[in-house]
Amino acid sequence: MFLALRAEVEDALEGALAALDFPTDDLGIEEPPDDVASVLASSVAFRLASEAGAPPPQVAGQVADEIDADELTYVSDVQTQGPYLNFLPSDAYFAETLSEATADDYGTLPDREESVVVEHTSANPTGPVHVGRARNPIIGDAVANLLEYAGYDVDRHYYVNDAGRQMAVFTWAYETFDESDLESEPERDRKEYDLVRYYRKGNRVLENAPEDEVEAAEAEIESIMQGLEAGDDEAYERVSEVVDQVLGGMTECLERLPAEFDEFVKETRFMRNGDTDDLVARLKDLDESVYEEDAWQLDLEDHGIDKNLVFLRSDGTSLYATRDLAHHEWKFDEYDRAVTVLGEDHKLQARQLRTTLELLGNDTDGLRQVLYSYVNLPEGKMSTRRGTGVDLDDLLDEAIDRARKEVEDRLDDRIRDDELDDDDIERIAHQVGIGAVRYDIVSKQPTKAITFEWDRALDFEAQSAPYVQYVHARCCGILEEAGLDPEADLADQDVELEALEADLLATDAERDLLETIARFPAVVDEAGDDLEPHQIATFTREFADRFNGFYRECPVLADGVDPEVREARLALVAASKHTVANALSILGVAAPRSM
RNA sequence: GGGCGCGUAGCUCAGUCCGGAAAGAGCGUCGGACUUCUAAUCCGACGGUCGUGGGUUCAAAUCCCAUCGCGCCCGCCA
């Protein structure tokens, strides 16, 4: 409803300004501070003052007089407060918000008939997912969810780097060493924990072994890479044996978040189908291409990039960047838009990619990056190769353990007599524990650096997932108590919706809550445009504050409540439930029915 | 050295893109509220040169310039 109200206000204001012969290019529309009763305001009078030859408050009065609120649907009155114009919401605004929000898909925007591929995570299949990269699947999954709610047709891709030198090293190590050569046991009973030991062993050997041993290894690694470049089935199968096993394990870890993918796109695909060769030929033809030191490169200095892009090594093999160009042209063929979630260390490459795609004749308007900075340990970076870092599995386990302990501690002084059984405790521990990890990461701007500390990452206090989840559980508790199904659309249930006069919800707490609910679709819209899921997290906090205010002030099911008011408040609770459930669902945080 | 990002309360962060109503949360500290729909909640108090210095503007945390601190990048790695 907020979007409709904003459109109406813009129209009315523009009309009034035009009628007064004022310029209409800047309407100065803004959201007023909390202590102001209006839903939207305008500071346009400041700008018009000199032109009008009158002080701003007087101009504001003039403009307000020009607008007839009776002709507006969602605005009941236009008032001035000093230089500001305030647009007050009408009963229709509240009534329509209430009726819209009781639908279980509230917050879902109309279908845009536009497809978008969200590529995220895409971690090299070298070993267990560690916390340093954990921002990627968490932000990426939220961005994909957000775009789905915003009306896009979304596919989620994991781009598998199976053709790089690292994988050749891994394959060589896997084939060369035996279990008995390894110094340690797997840290966990899953494939990537088992195999990463070969990768680490291989890297240690390459760094420390005698020269002739390293040379022999390098020759083998080189032959694997040449085999891949030639599209050789045997090389592909050797590498795949490692890649598929490790990736399978990593996928299981990511499913715990949960972060799931529609497709795992391997980069070897673009070598084997000839796209990379074609692309290399086209790159060579560009004016920017140069052949220096036996390698083919692109000189992008005229396009503001100092660093050359090497696209063919002196040994004739392609590079990650080369294949990624082919990969992106494929994305452009298949989708209207493409979003990639990347670590900030890939920023320069992202610029090179975009520039080069343009040189190749692609329209890159639909290509956007979401950049985040890595999570580091107090003592430095996490690295799979060196085995430094905190595994995401361990973080999730610890989160669940701490959440379980929290649930058990609270069991004794629990008022509600719904008797949580062991399954409930386990369910809540998972929902809260994993939810807290995700919420902590997704609620911050991705560009801010994070240093990992256990206690900070696993803080269940307010402004965290449990705070918001608790509001959801409270909503469900009330609805269930009233005999309603919290999950379902209220319209499909046995409730007298026609009795929902908005003036039954007259207290400030109810109005504030409804106003917040009304803004949800607009928040989805803007967060989707900006690719910033943390805006949704900020909204959930504001929403939870408002709901708790309502909860304190307005009993729903208590004995003394007028039956009509009770119905209206139940509808408000149902609207709240769908709002918070859907907001949490965008963030990928579970919404518990009880906790 | 160059490019990019970050700097807001003791701590963790919103707000910055798109300038407007005496800077907002949470944690921590202190003081209150459970015979009432779940106290993982709520209410109150304390706490701020918005890194620093200039500039633009009727108006700057927000825009511009400079500067300091921290991070990332500047591979025929990914």
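Numbers restart at 1 for each chain; the letters A, B, ... are given by sequence-line order, proteins then strands.
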Q: Reckon A/C475 touches a base, only the sugar-phosphate, or nothing at all at heavy-atom distances under 4.0 Å?
A: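 The residue A/C475 makes no contact with any strand.
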
Q: Just checking A/E526: base, sugar-phosphate only, or nothing, at a heavy-atom cut-off of under 4.0 Å?
A: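 It contacts base atoms.
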
Q: Apply salt bridge (charged side-chain N to carboxylate O under 4.0 Å, His left out) to A/E222 and list each qualifying residue two or more places apart in sequence or on a separate chain.
A: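 Per chain and number, A/E222 pairs via salt bridge (charged side-chain N to carboxylate O under 4.0 Å, His left out) with no residue.
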
Q: Give the intermediate values and the outcome of side chain to side chain donor-acceptor pair (under 3.5 Å) for residues A/S43 and A/E30.
A: CA-CA 8 Å; A/S43 60; A/E30 59 194 72; 3.0 Å; yes

Q: What's the closest nucleotide to the side chain of A/K444 if the choices are B/A14, B/A40, B/C73?
A: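 Nearest to the side chain of A/K444 among the choices is B/A14.
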
Q: Does B/C34 fall in syn (glycosidic angle within 90° of 0) or anti?
A: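 This nucleotide is in syn.
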
Q: For A/F547, is the NZ or CZ atom of A/R474 found under 6.0 angstrom from the centre of its six-membered ring and inside 45 degrees of the ring axis?
A: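 The answer is no, since A/R474 fails at least one limit relative to A/F547.
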
Q: Are A/E288 and A/H303 linked by a side-chain donor-acceptor pair shorter than 3.5 Å?
A: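 Yes, because at least one side-chain N or O of A/E288 sits under 3.5 Å from a partner of the opposite role on A/H303.
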
Q: Could you tell me how far B/C30 sits from B/U49 if I compare only their P atoms? Round to whole Å.
A: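 Straight-line distance between the two P atoms is 24 Å.
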
Q: For A/Y467, which residues count as a ring pair (Phe, Tyr, Trp, His ring centres under 6.0 Å) partner, sequence neighbours excluded?
A: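 Per chain and number, A/Y467 pairs via ring pair (Phe, Tyr, Trp, His ring centres under 6.0 Å) with no residue.
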
Q: I need the CD1-P distance between A/I450 and B/C70, as an integer number of Å.
A: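 Roughly 20 Å, once rounded to whole Å.
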
Q: What's the gap between B/G28 and B/C43 when it is taken at their P atoms, as a whole Å value?
A: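 Taking atom P in both B/G28 and B/C43, they lie 16 Å apart.
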
Q: Applying the salt bridge (Lys or Arg N to Asp or Glu O under 4.0 Å) test to A/E510, which of A/R569, A/R546, A/R552 qualifies?
A: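 For A/E510, the salt bridge (Lys or Arg N to Asp or Glu O under 4.0 Å) test succeeds with only one of A/R569, A/R546, A/R552, which is A/R569.
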
Q: Report the secondary structure of RNA chain B in dot-bracket form, marking unpaired bases with a dot and bases paired to a different strand with |, and treating Watson-Crick or G-U pairs with both distances under 3.5 Å as paired.
A: ((((((((.[[[[.)....(...]]]].(((((.......))))).....[[[[[..)....]]]]])))))))....

Q: Heavy atom of residues 533-551 of chain A under 4.0 Å from RNA chain B: which residues?
A: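 Within residues 533-551 of chain A, the residues near RNA chain B are A/H534, A/T538, A/N548, A/Y551.
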
Q: Counting the atoms with a prime plus P, OP1 and OP2 as sugar-phosphate, which does A/V471 contact under 4.0 Å by heavy atoms, base, sugar-phosphate, or nothing?
A: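 Contact class for A/V471: none.
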
Q: In terms of the nearest nucleotide of RNA chain B, which residue is placed more toward the 5' end: A/R552 or A/S318?
A: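 Going by which nucleotide is closer to the 5' end, it is A/R552.
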
Q: Distances under 3.5 Å only, N/O to N/O: pair up the protein atoms with those of nucleotides 74-76 of chain B.
A:
unit_1 : atom_1 : unit_2 : atom_2 : d
B/C76  : O3'    : A/R313 : NE     : 3.4
B/C76  : O2     : A/S314 : N      : 2.9
B/C76  : O2     : A/S314 : OG     : 3.0
B/C76  : N3     : A/S314 : OG     : 2.9
B/C76  : N4     : A/E293 : O      : 2.0

Q: Can you confirm whether A/E293 is buried at CD, in the sense that more than 12 heavy atoms of other residues, nucleotides or ligands lie under 6.0 Å from that atom?
A: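 No, the 6.0 Å shell around CD holds no more than 12 heavy atoms from other groups.
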
Q: Report which part of the nucleic acid A/Q166 touches: base, sugar-phosphate, or nothing (heavy-atom distance under 4.0 Å, all strands).
A: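 It contacts sugar-phosphate atoms only.
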
Q: Go through the structure and list residues passing ring pair (Phe, Tyr, Trp, His ring centres under 6.0 Å) with A/F270, not counting sequence neighbours.
A: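 Scan of A/F270 (ring pair (Phe, Tyr, Trp, His ring centres under 6.0 Å), adjacent residues dropped) gives A/H327, A/W330.
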
Q: For atom P, what is the distance between B/A23 and B/A60, given to the nearest Å?
A: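 11 Å, rounded to whole Å.
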
Q: Considering heavy-atom distances to RNA chain B, does A/R410 or A/E553 have its closest nucleotide positioned more toward the 5' end?
A: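 It is A/E553 whose nearest nucleotide is closer to the 5' end.
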
Q: Within the supplied structure, the quantity of interest is the number of heavy atoms (other residues, nucleotides, ligands) at a distance under 6.0 Å from A/K405 NZ; does it exceed 12?
A: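 Counting neighbours around NZ of A/K405, 12 or fewer heavy atoms of other residues, nucleotides or ligands fall under 6.0 Å, so no.
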
Q: Check the distance between B/C13's P and A/D459's CG and give it to me in whole angstrom.
A: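 Whole-Å distance recorded here is 12 Å.
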
Q: Base contacts versus sugar-phosphate-only contacts with protein, heavy atoms under 4.0 Å: please encode nucleotides 55-62 of chain B as B, S and - from 5' to 3'.
A: ---B----

Q: Over 60° means perpendicular and under 30° means parallel, so classify the ring planes of A/W454 and A/F452, tilted if in between.
A: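 Rings of A/F452 and A/W454: perpendicular, as their planes differ by over 60°.
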
Q: Not counting sequence neighbours, list each pair that qualifies as a side chain to side chain donor-acceptor pair (under 3.5 Å) and has a residue in residues 522-531 of chain A.
A: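 Sorted result for residues 522-531 of chain A: A/R112-A/D525, A/D530-A/Q535.
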
Q: Tell me which one of A/T276, A/D162, A/N161 satisfies side-chain hydrogen bond (donor to acceptor under 3.5 Å, both in side chains) with A/T268.
A: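 The single option meeting the side-chain hydrogen bond (donor to acceptor under 3.5 Å, both in side chains) with A/T268 is A/D162.
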
Q: Could you pull out all residues at least two apart from A/D25 that satisfy side-chain hydrogen bond (donor to acceptor under 3.5 Å, both in side chains)?
A: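 A/D25 satisfies side-chain hydrogen bond (donor to acceptor under 3.5 Å, both in side chains) with no residue once adjacent residues are dropped.
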
Q: Rounded off to whole Å, could you give me the CD-to-C1' distance for the A/E480 and B/C37 pair?
A: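 Spelled out: CD on A/E480 to C1' on B/C37 is 12 Å.
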
Q: Could you pull out all residues at least two apart from A/K444 that satisfy salt bridge (charged side-chain N to carboxylate O under 4.0 Å, His left out)?
A: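 So A/K444 forms a salt bridge (charged side-chain N to carboxylate O under 4.0 Å, His left out) with A/D440.
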
Q: Polar-atom pairs under 3.5 Å, protein N or O versus N or O of nucleotides 21-24 of chain B: list them with distances, or write none.
A:
unit_1 : atom_1 : unit_2 : atom_2 : d
B/A21  : O4'    : A/Y84  : OH     : 2.9
B/A21  : N6     : A/N86  : OD1    : 2.8
B/A21  : N1     : A/N86  : OD1    : 3.3
B/A21  : N1     : A/N86  : ND2    : 3.2

Q: Could you run through nucleotides 4-9 of chain B and give me one letter per nucleotide, 5' to 3': B if any protein heavy atom sits under 4.0 Å from the base, S if only the sugar-phosphate is that close, - if neither?
A: SSSS--

Q: If only side-chain N and O atoms count, and only distance matters, is there a donor-acceptor pair under 3.5 Å linking A/E344 with A/T447?
A: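 Per modelled atom types, A/T447 and A/E344 side chains form no pair under 3.5 Å.
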
Q: Does A/R474 place a side-chain N or O at less than 4.0 Å from the phosphate oxygens OP1/OP2 of B/A39?
A: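 Checking B/A39 against A/R474, a side-chain N or O does come within under 4.0 Å of OP1 or OP2.
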
Q: To the nearest 0.5 Å, tell me how far A/L479 CG sits from A/D485 CG.
A: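 Reported value, rounded in 0.5 Å steps: 9.0 Å.
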
